[in-house]
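Written below as structure tokens is the structure these notes are about.
Naming convention: chains lettered A, B, ... in sequence-line order (proteins, then strands); numbering from 1 in each chain. Computed from a predicted model, the values in this text were never measured in an experiment.
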There are 2 protein chains.
Amino acid sequence: MKLSTKGKYGVRALFEIARNYGKGPLAIKEIAERQQISLSYLEQILHRLGKAGIIESVRGPHGGYELARKPVELTIGDVVRALEGPIALSHCLEPGATTDGCYQAEDCVARMVWSKVGEKIEEALDSITFEQLLRQYHGKDREHPAHRKKLVAAGKGAC
Amino acid sequence: MKLSTKGKYGVRALFEIARNYGKGPLAIKEIAERQQISLSYLEQILHRLGKAGIIESVRGPHGGYELARKPVELTIGDVVRALEGPIALSHCLEPGATTDGCYQAEDCVARMVWSKVGEKIEEALDSITFEQLLRQYHGKDREHPAHRKKLVAAGKGAC
DNA sequence: AAAATACTTGACAGATTTAGTCAGGTTTGT
DNA sequence: ACAAACCTGACTAAATCTGTCAAGTATTTT
Ligand code: FES
Ligand code: FES
């Protein structure tokens with residue numbers, strides 16, 4: 001039940017992009033430095049977010065990435081789904097799952113369990129918008145790259 | 001955001017043990033057959049559940065496993081925690097996490113997010129008891145080993 | 001037009017985790 | 001004593017994760 005770094009990095013990167021909302025695109029290099037994420041890896045992540053319609057890219061000098069919608073319309077759930085795939089605790093609860101290799105419906109005791117829990121997770125993820133994050137973070141500007149760098153060097157724990 | 005087979009098999013195995021509640025121990029071989037789980041692998045799983053105080057073992061002939069508490073006092077959350085470790089979306093939200101390599105507290109934007117979501121997940125998991133599962137399953141006895149066997153052979157999807 | 005900036009895409013590899021096997025051992029009822 | 005049944009730890013193959021790398025394509029500034 002851990003999140004992969006993709007999801008965690010994605011939220012952190014989007015947080016930076018969201019902070020820049022309304023001020024034009026933010027360069028990927030800038031994001032990578034502020035959040036101490038490998039630039040090459042970040043490219044992969046941002047590309048996925050682009051395909052999911054969460055961010056838009058502006059090419060050429062002074063280009064970068066910007067939010068495709070207002071922070072209030074972007075939830076953590078959107079990001080996690082884009083980066084980690086659909087929230088389904090079991091394979092047969094995924095959207096396109098076939099009946100083959102699966103009890104489906106009332107025959108399967110476990111299905112109801114994982115389905116119910118999955119719904120709660122989505123609810124929780126979708127209840128948090130980037131607007132809220134921005135508001136919560138307003139003013140506090142203590143997450144300096146240097147600090148983050150030390151953490152990443154330590155190896156474990158960064159979220 | 002997938003569950004590992006440990007968690008899924010664990011719930012299925014415990015479901016069988018719970019069905020036998022009050023009727024003495026159930027042999028591991030029996031469980032493995034009914035749920036089509038590899039016997040050797042199941043040993044690992046049951047051992048963990050034993051260490052977690054969820055089941056008790058009876059050794060010797062006619063031995064087996066039985067629930068250590070009443071089905072109404074056993075939740076899916078107990079099982080998942082025992083088999084997949086503490087529910088913590090990020091490493092630094094685990095119980096014994098140190099401050100080293102981690103912002104902790106209000107400095108970290110992401111912390112609140114993953115913490116809040118984690119709580120909701122625990123809530124959902126802990127709201128489902130095996131009593132409920134037994135009740136729901138009462139009478140329906142259509143999950144035959146043969147059927148499950150076909151599913152497992154199919155490779156994907158069993159939950 | 002050329003150069004600079006920045007995004008795009010796909011292949012690849014090392015580390016880690018998962019899923020499962022195996023080979024013994026120990027305990028206990030008959 | 002014997003057999004049924006659990007106990008334990010080591011081991012491995014496969015999958016996934018976490019990045020890296022290299023060679024593109026697109027856009028804007030000068
Ligand atoms: S890095 Fe540990 S709380 Fe965020
Ligand atoms: S096996 Fe697919 S719903 Fe349970």
Can you list the residues that meet the salt bridge (Lys or Arg N to Asp or Glu O under 4.0 Å) rule with B:Lys2, with sequence neighbours excluded?
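Only A:Glu94 meet the salt bridge (Lys or Arg N to Asp or Glu O under 4.0 Å) criterion with B:Lys2.
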Could you pull out all residues at least two apart from A:Glu131 that satisfy salt bridge (Lys or Arg N to Asp or Glu O under 4.0 Å)?
A:Arg135
Check the phosphate of [N] against [X], side-chain N and O only, distance under 4.0 Å to OP1 or OP2. Yes or no?
| X | N | answer |
| --- | --- | --- |
| B:Ser38 | C:dT21 | yes |
| B:Ser4 | C:dT17 | no |
| B:Thr5 | C:dG20 | yes |
| B:Ser40 | C:dG20 | no |

Set of residues satisfying side chain to side chain donor-acceptor pair (under 3.5 Å) with respect to [X], sequence neighbours excluded:
| X | answer |
| --- | --- |
| A:Glu30 | A:Arg34 |
| A:Ser115 | none |
| A:Arg81 | A:Asp78, A:Glu122, A:Asp126 |
| A:Glu73 | none |

Extract from the structure each pairing of a protein N or O with an N or O of nucleotides 12-14 of chain C at less than 3.5 Å, listing the distance.
none

Salt-bridge criterion met for B:Glu119 and B:Lys116 (N-O under 4.0 Å)
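Looking at B:Lys116 together with B:Glu119, the answer is no, because their closest N to O distance does not fall below 4.0 Å.
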Using a 4.0 Å heavy-atom cut-off across all strands, classify A:Lys6 as base, sugar-phosphate, or nothing.
base
Pairwise salt bridge (charged side-chain N to carboxylate O under 4.0 Å, His left out) hits with a residue in residues 53-66 of chain B, at least two apart
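Checked against salt bridge (charged side-chain N to carboxylate O under 4.0 Å, His left out) - neighbours excluded - no pair reaches residues 53-66 of chain B.
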Candidates A:Ile31, A:Ile54, A:Leu74 - the one meeting side-chain contact (heavy atoms from CB on, under 4.5 Å) with A:Ile17
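Per the side-chain contact (heavy atoms from CB on, under 4.5 Å) rule, the option paired with A:Ile17 is A:Ile31, out of A:Ile31, A:Ile54, A:Leu74.
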Is there side-chain contact between B:Leu67 and B:Phe130, with heavy atoms separated by less than 4.5 Å?
no
Quick one: are A:Trp114 and B:Ile76 in side-chain contact, heavy atoms under 4.5 Å?
yes
Rounded to the Å, how far apart are [X] [atom1] and [N] [atom2]?
| X | N | atom1 | atom2 | value |
| --- | --- | --- | --- | --- |
| B:His91 | D:dC17 | NE2 | C1' | 16 Å |
| A:Tyr65 | C:dA6 | OH | P | 12 Å |
| A:Leu39 | C:dT5 | CG | P | 14 Å |
| B:Leu3 | C:dT18 | CG | P | 11 Å |
| A:Tyr41 | C:dA15 | OH | P | 16 Å |

Side chain of B:Gln44, backbone of B:Tyr41: donor and acceptor closer than 3.5 Å?
no
For B:Ser40, check side chain to side chain contact (heavy atoms under 4.5 Å, CB included) against everything at least two apart and list the hits.
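Testing B:Ser40 for side chain to side chain contact (heavy atoms under 4.5 Å, CB included), a comparison that skips the adjacent residues, returns B:Ser38.
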Any residue of residues 46-58 of chain B with a heavy atom less than 4.0 Å from an atom of DNA chain D:
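Those residues whose heavy atoms fall under 4.0 Å from DNA chain D, taken from residues 46-58 of chain B in numerical order, are B:His47, B:Ser57, B:Val58.
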Pairwise N/O distances under 3.5 Å, protein to nucleotides 25-27 of chain C:
from, atom 1, to, atom 2, distance (Å)
C:dT26, O2, B:Arg59, NH2, 3.1
C:dT27, O4', B:Arg59, NE, 3.3
C:dT27, O4', B:Arg59, NH2, 3.3

Return the residues of residues 73-81 of chain B meeting this criterion: a heavy atom under 4.0 Å from some atom of DNA chain C. Order them by number, or give none.
none
